[in-house]
Number of protein chains: 2
Amino acid sequence: MSNLNLPEAALSRLTVYQRALVELNDSGIKTVSSRELAEISGSNESKVRKDLSYLGSYGTRGVGYETERLIKEIGVVLGGSQPRPAVLVGIGNLGRALSQYEGFQVSGFPIVGLVDTDPNVVGETINGLKVKNLDQLEELVFQTSAVLGIVTTPAAAAQEVVDCLVEAGIRSILNFAPVVVDVVEEVEVRKVDLATELQILGYYDHLRKFD
Amino acid sequence: MSNLNLPEAALSRLTVYQRALVELNDSGIKTVSSRELAEISGSNESKVRKDLSYLGSYGTRGVGYETERLIKEIGVVLGGSQPRPAVLVGIGNLGRALSQYEGFQVSGFPIVGLVDTDPNVVGETINGLKVKNLDQLEELVFQTSAVLGIVTTPAAAAQEVVDCLVEAGIRSILNFAPVVVDVVEEVEVRKVDLATELQILGYYDHLRKFD
DNA sequence: TCGTGTGAATCACTTCACAGCT
DNA sequence: AGCTGTGAAGTGATTCACACGA
(Lines give C-alpha, C1' and ligand atoms only; values in the text may rest on other atoms or scores of the structure.)
Protein backbone atom coordinates (compact mmCIF):
# COMPACT_ATOMS: atom_id res chain seq x y z
CA MET A 1 0.00 0.00 0.00
CA SER A 2 0.95 3.62 -0.52
CA ASN A 3 3.69 2.51 -2.87
CA LEU A 4 3.72 5.17 -5.51
CA ASN A 5 7.36 6.04 -5.83
CA LEU A 6 6.92 9.71 -5.34
CA PRO A 7 9.99 11.71 -6.41
CA GLU A 8 11.55 13.60 -3.54
CA ALA A 9 11.10 16.92 -5.33
CA ALA A 10 7.38 16.31 -5.82
CA LEU A 11 7.00 15.24 -2.21
CA SER A 12 8.30 18.48 -0.84
CA ARG A 13 6.01 20.49 -3.11
CA LEU A 14 2.98 18.43 -2.12
CA THR A 15 3.34 19.62 1.45
CA VAL A 16 3.31 23.19 0.17
CA TYR A 17 0.24 22.56 -2.00
CA GLN A 18 -1.53 21.11 0.95
CA ARG A 19 -1.03 24.16 3.07
CA ALA A 20 -2.30 26.32 0.21
CA LEU A 21 -5.32 24.05 -0.29
CA VAL A 22 -6.25 24.17 3.38
CA GLU A 23 -6.17 27.93 3.19
CA LEU A 24 -8.34 27.96 0.05
CA ASN A 25 -10.75 25.52 1.57
CA ASP A 26 -11.00 27.58 4.76
CA SER A 27 -11.96 30.60 2.72
CA GLY A 28 -14.73 28.64 1.06
CA ILE A 29 -13.11 27.92 -2.30
CA LYS A 30 -14.32 24.53 -3.48
CA THR A 31 -12.30 23.97 -6.64
CA VAL A 32 -8.95 25.12 -7.96
CA SER A 33 -7.09 24.75 -11.25
CA SER A 34 -3.46 23.73 -11.60
CA ARG A 35 -2.72 27.27 -12.72
CA GLU A 36 -4.23 28.85 -9.61
CA LEU A 37 -2.63 26.36 -7.26
CA ALA A 38 0.73 26.95 -8.92
CA GLU A 39 0.34 30.69 -8.53
CA ILE A 40 -0.21 30.59 -4.78
CA SER A 41 2.37 27.94 -4.05
CA GLY A 42 5.19 29.36 -6.13
CA SER A 43 5.21 26.51 -8.62
CA ASN A 44 4.02 26.22 -12.23
CA GLU A 45 1.06 24.50 -13.79
CA SER A 46 2.83 21.53 -15.38
CA LYS A 47 4.65 20.80 -12.18
CA VAL A 48 1.43 20.93 -10.22
CA ARG A 49 -0.36 18.57 -12.62
CA LYS A 50 2.56 16.16 -12.74
CA ASP A 51 2.95 16.21 -8.98
CA LEU A 52 -0.75 15.60 -8.42
CA SER A 53 -0.80 12.86 -11.03
CA TYR A 54 1.47 10.78 -8.79
CA LEU A 55 -1.44 10.52 -6.37
CA GLY A 56 -3.90 9.39 -9.02
CA SER A 57 -6.42 11.20 -11.19
CA TYR A 58 -8.38 13.34 -8.84
CA GLY A 59 -9.00 16.33 -11.10
CA THR A 60 -11.87 17.03 -13.44
CA ARG A 61 -11.01 18.09 -16.99
CA GLY A 62 -12.35 21.47 -17.84
CA VAL A 63 -12.88 22.26 -14.17
CA GLY A 64 -9.91 21.67 -11.90
CA TYR A 65 -9.46 19.95 -8.54
CA GLU A 66 -11.83 19.82 -5.60
CA THR A 67 -9.92 21.35 -2.72
CA GLU A 68 -11.40 19.14 -0.06
CA ARG A 69 -10.81 15.94 -1.99
CA LEU A 70 -7.23 16.89 -2.75
CA ILE A 71 -6.46 17.77 0.86
CA LYS A 72 -7.66 14.33 1.85
CA GLU A 73 -5.69 12.52 -0.84
CA ILE A 74 -2.45 14.36 -0.12
CA GLY A 75 -3.05 13.63 3.55
CA VAL A 76 -3.28 9.93 2.82
CA VAL A 77 0.00 9.90 0.95
CA LEU A 78 1.85 12.02 3.51
CA GLY A 79 0.81 9.55 6.15
CA GLY A 80 -2.41 10.82 7.58
CA SER A 81 -2.43 13.55 10.12
CA GLN A 82 -1.82 11.33 13.09
CA PRO A 83 0.49 13.23 15.42
CA ARG A 84 4.08 12.02 15.62
CA PRO A 85 5.60 12.97 18.95
CA ALA A 86 9.17 14.26 18.93
CA VAL A 87 12.02 14.45 21.41
CA LEU A 88 14.45 17.33 21.18
CA VAL A 89 18.07 16.80 22.16
CA GLY A 90 20.43 19.68 22.86
CA ILE A 91 19.14 22.49 25.04
CA GLY A 92 21.46 25.24 23.87
CA ASN A 93 20.05 28.46 22.58
CA LEU A 94 18.65 27.01 19.37
CA GLY A 95 17.17 24.05 21.23
CA ARG A 96 15.57 26.28 23.83
CA ALA A 97 14.20 28.36 21.02
CA LEU A 98 12.74 25.49 19.09
CA SER A 99 11.35 23.83 22.18
CA GLN A 100 9.06 26.83 22.52
CA TYR A 101 8.24 27.06 18.84
CA GLU A 102 4.58 26.18 18.39
CA GLY A 103 5.09 25.33 14.74
CA PHE A 104 6.03 21.76 15.58
CA GLN A 105 2.88 21.21 17.61
CA VAL A 106 0.75 22.82 14.94
CA SER A 107 2.13 20.63 12.13
CA GLY A 108 1.41 17.52 14.17
CA PHE A 109 4.84 16.96 15.69
CA PRO A 110 4.45 17.90 19.36
CA ILE A 111 7.65 17.99 21.38
CA VAL A 112 7.12 15.57 24.22
CA GLY A 113 10.60 15.36 25.67
CA LEU A 114 13.77 17.41 26.15
CA VAL A 115 17.23 15.98 26.63
CA ASP A 116 20.69 17.33 27.33
CA THR A 117 23.91 16.19 28.96
CA ASP A 118 24.87 19.31 30.87
CA PRO A 119 24.06 18.74 34.58
CA ASN A 120 23.28 22.46 34.87
CA VAL A 121 20.50 22.05 32.35
CA VAL A 122 19.20 18.58 33.17
CA GLY A 123 16.31 18.95 35.60
CA GLU A 124 15.34 22.40 34.40
CA THR A 125 11.71 22.77 33.29
CA ILE A 126 11.01 24.42 29.96
CA ASN A 127 7.50 24.88 28.70
CA GLY A 128 6.24 22.29 31.15
CA LEU A 129 8.82 19.66 30.21
CA LYS A 130 11.62 18.62 32.53
CA VAL A 131 14.95 18.18 30.76
CA LYS A 132 16.18 14.58 31.01
CA ASN A 133 19.72 13.28 30.84
CA LEU A 134 20.91 11.55 27.65
CA ASP A 135 21.09 8.19 29.43
CA GLN A 136 17.37 8.36 30.12
CA LEU A 137 16.58 8.75 26.43
CA GLU A 138 15.51 5.18 25.82
CA GLU A 139 13.08 5.29 28.72
CA LEU A 140 11.77 8.67 27.60
CA VAL A 141 11.16 7.42 24.05
CA PHE A 142 9.38 4.40 25.44
CA GLN A 143 7.16 6.40 27.77
CA THR A 144 6.21 9.09 25.29
CA SER A 145 6.04 6.90 22.16
CA ALA A 146 8.20 9.47 20.40
CA VAL A 147 9.01 8.59 16.79
CA LEU A 148 10.96 11.66 15.77
CA GLY A 149 14.23 13.11 17.05
CA ILE A 150 15.26 16.76 16.70
CA VAL A 151 18.97 17.37 17.19
CA THR A 152 20.10 20.85 18.21
CA THR A 153 23.42 20.01 19.82
CA PRO A 154 26.78 21.46 18.82
CA ALA A 155 28.39 19.73 15.85
CA ALA A 156 30.80 17.76 18.02
CA ALA A 157 28.03 16.05 19.99
CA ALA A 158 25.64 15.32 17.15
CA GLN A 159 26.94 11.91 16.09
CA GLU A 160 26.80 10.50 19.61
CA VAL A 161 23.31 11.86 20.14
CA VAL A 162 22.10 10.44 16.84
CA ASP A 163 23.53 7.05 17.78
CA CYS A 164 21.59 7.20 21.06
CA LEU A 165 18.40 8.15 19.26
CA VAL A 166 18.75 5.26 16.83
CA GLU A 167 19.57 2.95 19.72
CA ALA A 168 16.39 4.12 21.43
CA GLY A 169 14.36 3.19 18.37
CA ILE A 170 13.97 6.54 16.62
CA ARG A 171 13.94 6.21 12.82
CA SER A 172 13.35 9.81 11.71
CA ILE A 173 15.71 12.60 12.65
CA LEU A 174 15.80 16.31 11.94
CA ASN A 175 19.36 17.51 12.37
CA PHE A 176 20.17 21.17 12.98
CA ALA A 177 23.79 20.51 13.91
CA PRO A 178 26.14 21.70 11.17
CA VAL A 179 27.65 18.29 10.57
CA VAL A 180 26.82 15.23 8.52
CA VAL A 181 25.95 12.25 10.68
CA ASP A 182 26.24 8.55 9.83
CA VAL A 183 23.26 6.29 10.32
CA VAL A 184 22.20 2.84 9.21
CA GLU A 185 20.09 2.72 6.09
CA GLU A 186 16.69 2.36 7.73
CA VAL A 187 17.03 5.70 9.49
CA GLU A 188 16.06 8.88 7.67
CA VAL A 189 17.97 12.01 8.59
CA ARG A 190 17.13 15.44 7.23
CA LYS A 191 19.49 18.30 7.80
CA VAL A 192 18.51 21.92 8.29
CA ASP A 193 21.66 23.87 7.72
CA LEU A 194 21.15 27.52 8.58
CA ALA A 195 24.81 28.40 8.07
CA THR A 196 24.74 26.97 4.55
CA GLU A 197 21.57 28.87 3.70
CA LEU A 198 23.19 32.08 4.83
CA GLN A 199 26.37 31.40 2.90
CA ILE A 200 24.41 30.74 -0.27
CA LEU A 201 22.66 34.07 0.17
CA GLY A 202 26.06 35.62 0.80
CA TYR A 203 27.34 34.11 -2.44
CA TYR A 204 24.55 35.62 -4.52
CA ASP A 205 24.95 38.95 -2.75
CA HIS A 206 28.64 38.84 -3.57
CA LEU A 207 27.93 37.93 -7.21
CA ARG A 208 25.59 40.88 -7.66
CA LYS A 209 28.52 43.20 -7.15
CA PHE A 210 30.06 42.05 -10.43
CA ASP A 211 27.16 42.21 -12.88
CA MET B 1 35.08 38.45 -11.93
CA SER B 2 34.02 35.38 -9.99
CA ASN B 3 31.90 34.31 -12.93
CA LEU B 4 32.14 30.56 -12.87
CA ASN B 5 28.54 29.49 -13.19
CA LEU B 6 28.54 27.27 -10.19
CA PRO B 7 25.54 24.92 -10.12
CA GLU B 8 23.32 25.53 -7.13
CA ALA B 9 23.79 21.96 -5.93
CA ALA B 10 27.56 22.26 -5.98
CA LEU B 11 27.40 25.59 -4.20
CA SER B 12 25.58 24.21 -1.20
CA ARG B 13 28.04 21.34 -0.93
CA LEU B 14 31.02 23.67 -1.13
CA THR B 15 29.92 25.33 2.09
CA VAL B 16 29.86 21.92 3.73
CA TYR B 17 33.29 21.01 2.39
CA GLN B 18 34.65 24.24 3.70
CA ARG B 19 33.49 23.55 7.24
CA ALA B 20 35.05 20.11 7.04
CA LEU B 21 38.29 21.52 5.66
CA VAL B 22 38.55 24.09 8.42
CA GLU B 23 38.17 21.32 10.94
CA LEU B 24 40.83 19.20 9.24
CA ASN B 25 43.17 22.14 8.99
CA ASP B 26 42.66 22.98 12.68
CA SER B 27 43.68 19.47 13.60
CA GLY B 28 46.85 19.83 11.59
CA ILE B 29 45.92 17.86 8.48
CA LYS B 30 47.63 19.46 5.52
CA THR B 31 46.26 17.49 2.59
CA VAL B 32 43.12 15.55 1.86
CA SER B 33 41.89 13.35 -1.00
CA SER B 34 38.48 13.61 -2.63
CA ARG B 35 37.62 10.29 -1.03
CA GLU B 36 38.42 11.47 2.49
CA LEU B 37 36.68 14.79 2.02
CA ALA B 38 33.62 13.00 0.69
CA GLU B 39 33.59 10.69 3.68
CA ILE B 40 33.49 13.45 6.26
CA SER B 41 31.09 15.66 4.39
CA GLY B 42 28.57 13.02 3.45
CA SER B 43 29.24 13.25 -0.27
CA ASN B 44 31.05 10.96 -2.70
CA GLU B 45 34.37 11.23 -4.44
CA SER B 46 33.19 12.08 -7.95
CA LYS B 47 30.92 14.77 -6.64
CA VAL B 48 33.74 16.25 -4.61
CA ARG B 49 36.10 16.29 -7.57
CA LYS B 50 33.49 17.72 -9.92
CA ASP B 51 32.47 20.36 -7.38
CA LEU B 52 36.04 21.39 -6.73
CA SER B 53 36.82 21.44 -10.44
CA TYR B 54 34.39 24.37 -10.80
CA LEU B 55 36.86 26.44 -8.78
CA GLY B 56 39.83 25.48 -10.93
CA SER B 57 42.50 22.81 -10.67
CA TYR B 58 43.82 23.10 -7.18
CA GLY B 59 44.52 19.43 -6.52
CA THR B 60 47.68 17.43 -7.07
CA ARG B 61 47.35 14.09 -8.89
CA GLY B 62 48.45 11.20 -6.80
CA VAL B 63 48.28 13.33 -3.65
CA GLY B 64 45.04 15.22 -3.09
CA TYR B 65 44.20 18.77 -2.12
CA GLU B 66 46.02 21.11 0.26
CA THR B 67 43.49 21.95 2.95
CA GLU B 68 44.69 25.48 3.47
CA ARG B 69 44.74 26.33 -0.21
CA LEU B 70 41.28 24.91 -0.72
CA ILE B 71 39.80 26.80 2.22
CA LYS B 72 41.13 29.99 0.70
CA GLU B 73 39.84 29.23 -2.79
CA ILE B 74 36.36 28.27 -1.60
CA GLY B 75 36.35 31.41 0.53
CA VAL B 76 37.06 33.53 -2.54
CA VAL B 77 34.16 32.01 -4.45
CA LEU B 78 31.71 32.23 -1.56
CA GLY B 79 32.46 35.91 -1.28
CA GLY B 80 35.13 36.25 1.32
CA SER B 81 34.34 36.19 4.97
CA GLN B 82 33.36 39.82 5.32
CA PRO B 83 30.48 39.98 7.80
CA ARG B 84 27.04 40.70 6.37
CA PRO B 85 24.78 42.26 8.99
CA ALA B 86 21.19 41.04 9.16
CA VAL B 87 17.87 42.42 10.40
CA LEU B 88 15.31 40.02 11.78
CA VAL B 89 11.62 40.77 11.34
CA GLY B 90 8.92 39.02 13.35
CA ILE B 91 9.50 38.69 17.09
CA GLY B 92 7.25 35.72 17.73
CA ASN B 93 8.62 32.65 19.41
CA LEU B 94 10.77 31.53 16.49
CA GLY B 95 12.08 35.08 15.99
CA ARG B 96 12.89 35.45 19.67
CA ALA B 97 14.65 32.13 19.46
CA LEU B 98 16.71 32.92 16.43
CA SER B 99 17.56 36.39 17.68
CA GLN B 100 19.47 34.69 20.48
CA TYR B 101 21.01 32.03 18.29
CA GLU B 102 24.75 32.64 18.13
CA GLY B 103 25.09 30.62 14.94
CA PHE B 104 24.28 33.65 12.79
CA GLN B 105 26.98 35.74 14.44
CA VAL B 106 29.48 32.90 14.20
CA SER B 107 28.90 32.35 10.46
CA GLY B 108 29.45 36.03 9.80
CA PHE B 109 25.85 37.21 9.74
CA PRO B 110 25.39 39.17 12.97
CA ILE B 111 21.85 40.25 13.76
CA VAL B 112 21.99 44.01 14.10
CA GLY B 113 18.31 44.89 14.24
CA LEU B 114 14.95 43.50 15.35
CA VAL B 115 11.59 44.56 13.96
CA ASP B 116 7.94 43.81 14.70
CA THR B 117 4.57 45.49 14.34
CA ASP B 118 2.98 44.54 17.65
CA PRO B 119 3.05 47.62 19.95
CA ASN B 120 3.44 45.26 22.92
CA VAL B 121 6.71 44.02 21.48
CA VAL B 122 8.11 47.16 19.86
CA GLY B 123 10.40 48.86 22.38
CA GLU B 124 11.30 45.65 24.17
CA THR B 125 15.02 44.92 24.41
CA ILE B 126 16.25 41.45 23.45
CA ASN B 127 19.89 40.54 23.63
CA GLY B 128 20.83 44.21 23.74
CA LEU B 129 18.75 45.19 20.72
CA LYS B 130 15.63 47.32 20.99
CA VAL B 131 12.78 46.11 18.80
CA LYS B 132 11.84 48.71 16.19
CA ASN B 133 8.53 49.20 14.44
CA LEU B 134 8.18 48.10 10.81
CA ASP B 135 7.92 51.70 9.61
CA GLN B 136 11.40 52.38 10.97
CA LEU B 137 12.89 49.58 8.87
CA GLU B 138 14.36 51.76 6.17
CA GLU B 139 16.12 53.93 8.73
CA LEU B 140 17.36 50.85 10.60
CA VAL B 141 18.78 49.29 7.44
CA PHE B 142 20.48 52.56 6.61
CA GLN B 143 22.01 52.98 10.06
CA THR B 144 23.20 49.41 10.45
CA SER B 145 24.20 48.76 6.81
CA ALA B 146 22.23 45.53 6.99
CA VAL B 147 22.27 43.54 3.74
CA LEU B 148 20.30 40.49 4.81
CA GLY B 149 16.73 40.10 6.05
CA ILE B 150 15.48 37.20 8.16
CA VAL B 151 11.70 36.79 8.16
CA THR B 152 10.10 34.96 11.08
CA THR B 153 6.61 36.41 10.91
CA PRO B 154 3.41 34.39 10.57
CA ALA B 155 2.58 33.37 7.00
CA ALA B 156 -0.03 36.09 6.62
CA ALA B 157 2.41 38.92 7.32
CA ALA B 158 5.39 37.64 5.35
CA GLN B 159 4.62 39.18 1.95
CA GLU B 160 4.16 42.66 3.39
CA VAL B 161 7.35 42.37 5.42
CA VAL B 162 9.32 41.16 2.42
CA ASP B 163 8.02 44.09 0.38
CA CYS B 164 9.23 46.45 3.11
CA LEU B 165 12.63 44.78 3.22
CA VAL B 166 13.03 45.08 -0.54
CA GLU B 167 11.83 48.68 -0.38
CA ALA B 168 14.49 49.33 2.26
CA GLY B 169 17.18 48.00 -0.06
CA ILE B 170 17.63 44.44 1.19
CA ARG B 171 18.46 42.02 -1.62
CA SER B 172 18.95 38.74 0.26
CA ILE B 173 16.22 37.23 2.39
CA LEU B 174 15.97 34.10 4.49
CA ASN B 175 12.29 33.26 4.91
CA PHE B 176 11.08 31.04 7.74
CA ALA B 177 7.41 31.86 7.17
CA PRO B 178 5.55 28.90 5.68
CA VAL B 179 4.50 30.73 2.57
CA VAL B 180 5.98 31.52 -0.82
CA VAL B 181 6.65 35.21 -1.29
CA ASP B 182 6.85 37.19 -4.52
CA VAL B 183 9.86 39.39 -5.17
CA VAL B 184 11.41 41.15 -8.13
CA GLU B 185 14.09 39.23 -9.92
CA GLU B 186 17.12 40.91 -8.37
CA VAL B 187 16.15 39.75 -4.89
CA GLU B 188 17.21 36.32 -3.68
CA VAL B 189 14.88 34.59 -1.24
CA ARG B 190 15.70 31.30 0.42
CA LYS B 191 13.03 29.48 2.33
CA VAL B 192 13.58 27.35 5.41
CA ASP B 193 10.45 25.31 5.78
CA LEU B 194 10.48 23.39 9.04
CA ALA B 195 6.94 22.09 8.59
CA THR B 196 7.82 20.62 5.20
CA GLU B 197 10.94 18.96 6.57
CA LEU B 198 8.88 17.34 9.29
CA GLN B 199 6.22 16.19 6.88
CA ILE B 200 8.80 14.61 4.62
CA LEU B 201 10.17 12.72 7.62
CA GLY B 202 6.61 11.76 8.46
CA TYR B 203 6.11 10.45 4.95
CA TYR B 204 9.14 8.16 5.12
CA ASP B 205 8.14 7.03 8.58
CA HIS B 206 4.72 6.19 7.23
CA LEU B 207 6.21 4.34 4.25
CA ARG B 208 8.36 2.16 6.46
CA LYS B 209 5.22 0.63 7.86
CA PHE B 210 4.45 -0.99 4.51
CA ASP B 211 7.75 -2.55 3.51
C1' DT C 1 50.91 3.57 -8.24
C1' DC C 2 47.74 6.91 -6.67
C1' DG C 3 44.37 10.38 -7.12
C1' DT C 4 42.94 14.33 -10.00
C1' DG C 5 40.37 16.28 -13.82
C1' DT C 6 37.01 15.59 -17.26
C1' DG C 7 34.37 13.95 -21.28
C1' DA C 8 30.67 10.66 -21.87
C1' DA C 9 26.80 7.99 -20.05
C1' DT C 10 23.18 7.84 -16.98
C1' DC C 11 19.65 9.31 -14.11
C1' DA C 12 16.18 12.54 -12.23
C1' DC C 13 13.45 16.35 -12.71
C1' DT C 14 11.11 19.83 -15.53
C1' DT C 15 8.79 21.54 -19.39
C1' DC C 16 6.31 20.93 -23.63
C1' DA C 17 2.53 19.80 -26.26
C1' DC C 18 -1.55 17.70 -27.13
C1' DA C 19 -5.16 13.99 -26.90
C1' DG C 20 -9.23 13.39 -24.41
C1' DC C 21 -12.85 14.23 -20.95
C1' DT C 22 -16.61 17.55 -19.18
C1' DA D 1 -13.95 26.09 -24.55
C1' DG D 2 -11.38 24.81 -20.67
C1' DC D 3 -8.30 22.11 -18.01
C1' DT D 4 -6.52 17.57 -16.81
C1' DG D 5 -3.38 13.70 -17.53
C1' DT D 6 0.60 12.07 -19.71
C1' DG D 7 3.98 10.51 -23.14
C1' DA D 8 7.96 12.73 -25.21
C1' DA D 9 11.54 16.08 -25.36
C1' DG D 10 14.64 18.86 -22.95
C1' DT D 11 17.63 20.26 -19.14
C1' DG D 12 20.52 19.76 -15.35
C1' DA D 13 22.87 17.03 -11.99
C1' DT D 14 25.25 12.72 -10.81
C1' DT D 15 28.03 8.87 -11.70
C1' DC D 16 31.22 6.36 -14.51
C1' DA D 17 35.54 5.41 -16.40
C1' DC D 18 39.88 6.49 -17.82
C1' DA D 19 43.73 9.47 -19.60
C1' DC D 20 47.18 11.91 -17.45
C1' DG D 21 50.45 14.08 -14.14
C1' DA D 22 53.04 13.57 -9.73
Side-chain angles (χ1 to χ4, degrees), chain A residues 3-17 20-21 24 29-74 77 180 196 200 203-204, chain B residues 3-17 20-21 24 29-74 77 180 196 200 203-204:
Chain A
N3 241 337
L4 31 75
N5 216 42
L6 199 49
E8 168 91 22
L11 174 57
S12 79
R13 283 188 301 264
L14 282 171
T15 70
V16 177
Y17 302 153
L21 287 164
L24 288 173
I29 290 160
K30 294 283 174 233
T31 108
V32 64
S33 70
S34 55
R35 170 126 48 95
E36 294 161 332
L37 186 51
E39 170 79 16
I40 41 182
S41 32
S43 185
N44 68 52
E45 48 175 320
S46 350
K47 244 189 274 187
V48 167
R49 288 206 299 276
K50 185 71 87 180
D51 290 344
L52 295 179
S53 79
Y54 292 113
L55 315 181
S57 295
Y58 298 123
T60 309
R61 290 162 195 236
V63 179
Y65 304 86
E66 259 181 74
T67 53
E68 207 159 352
R69 177 88 191 274
L70 214 43
I71 290 168
K72 204 168 298 168
E73 295 299 341
I74 297 176
V77 171
V180 176
T196 289
I200 293 174
Y203 170 74
Y204 289 119
Chain B
N3 241 337
L4 30 74
N5 216 42
L6 199 49
E8 169 90 24
L11 174 56
S12 77
R13 284 189 300 264
L14 282 171
T15 70
V16 177
Y17 302 153
L21 287 164
L24 288 174
I29 290 161
K30 294 284 175 232
T31 108
V32 65
S33 71
S34 55
R35 170 125 48 95
E36 295 162 331
L37 186 50
E39 170 79 17
I40 40 182
S41 33
S43 186
N44 68 50
E45 48 176 320
S46 347
K47 243 189 274 187
V48 168
R49 288 205 300 278
K50 185 72 87 181
D51 291 344
L52 294 180
S53 79
Y54 292 114
L55 315 180
S57 295
Y58 299 122
T60 309
R61 289 162 196 236
V63 180
Y65 303 85
E66 260 182 73
T67 53
E68 206 160 353
R69 175 87 192 276
L70 214 44
I71 290 168
K72 204 169 296 167
E73 295 300 340
I74 297 176
V77 171
V180 176
T196 289
I200 292 173
Y203 170 75
Y204 289 119

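For the numbers below, each heavy atom of this structure counts, side chains included, while hydrogens, waters and symmetry mates do not.
For the pair Glu66(B) CD and dG3(C) P, the computed distance is 16 Å after rounding to whole Å. Rounded to whole angstrom, the span from the CG atom of Leu6(B) across to the P atom of dT14(D) amounts to 11 Å. Atom CG in Leu70(B) sits about 12 Å away from atom C1' in dT4(C), given to the nearest Å. Here dC2(C) presents its P atom at 17 Å from OH of Tyr65(B), a figure rounded to the nearest Å. Asp51(B) places its CG atom 14 Å from the P atom of dT6(C), with the value rounded to the nearest Å. Counting to the nearest Å, the C1' atom of dT14(C) and the CD atom of Glu8(A) are 16 Å from each other. Summarising the geometry, the separation between NZ on Lys47(B) and C1' on dA12(C) is reported as 12 Å, rounded to the nearest angstrom. Across the protein-nucleic acid pair, Tyr54(A) atom OH and dT6(D) atom C1' stand 11 Å apart, rounded to whole Å.
Looking at heavy-atom distances under 4.0 Å, Tyr58(B) makes contact with sugar-phosphate atoms alone, never a base.
Distance check, rounded to the nearest 0.5 Å: CD of Glu66(A) to NZ of Lys30(A) gives 9.0 Å. Atoms OG1 and NZ, from Thr67(B) and Lys72(B) in turn, are 10.5 Å apart once rounded to the nearest 0.5 Å. The OH atom of Tyr17(B) sits 8.5 Å away from the CD1 atom of Ile74(B) when rounded to the nearest 0.5 Å.
The closest side-chain heavy-atom distance from Ile40(A) to Leu24(A) is below 4.5 Å. The shortest distance between side-chain heavy atoms of Tyr203(B) and Leu6(A) falls below 4.5 Å.
Residue whose closest nucleotide on DNA chain C sits further toward the 5' end, between Thr60(A) and Ala9(A): Ala9(A). Of the residues near DNA chain C, Ala10(A) and Ser33(B), the one whose nearest nucleotide (by heavy atom distance) lies more toward the 5' end is Ser33(B).
Out of dC13(C), dG5(C), dT14(C), the shortest distance to the side chain of Ser57(B) is found at dG5(C).
Applying the side-chain hydrogen bond (donor to acceptor under 3.5 Å, both in side chains) test to Tyr58(A) and every residue at least two apart in sequence or in another chain returns Glu73(A).
No side-chain donor from either of Ser12(A) and Thr196(B) sits under 3.5 Å from a side-chain acceptor of the other.
Sorted by residue number, the list of members of residues 35-45 of chain A with any non-hydrogen atom under 4.0 Å from DNA chain D is empty.
When each of Ile71(A), Leu52(A), Thr31(A) is paired with Tyr65(A), the side-chain contact (heavy atoms from CB on, under 4.5 Å) condition holds for Leu52(A) and for no other.
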Output one line per pair: protein atom, nucleotide atom from nucleotides 16-21 of chain C, and distance, for all N/O pairs under 3.5 Å.
residue: dG20(C); atom: N3; partner: Arg61(A); partner atom: NH1; Å: 3.2

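For CD of Glu45(B), the number of neighbouring non-hydrogen atoms (other residues, nucleotides, ligands) closer than 6.0 Å is greater than 12.
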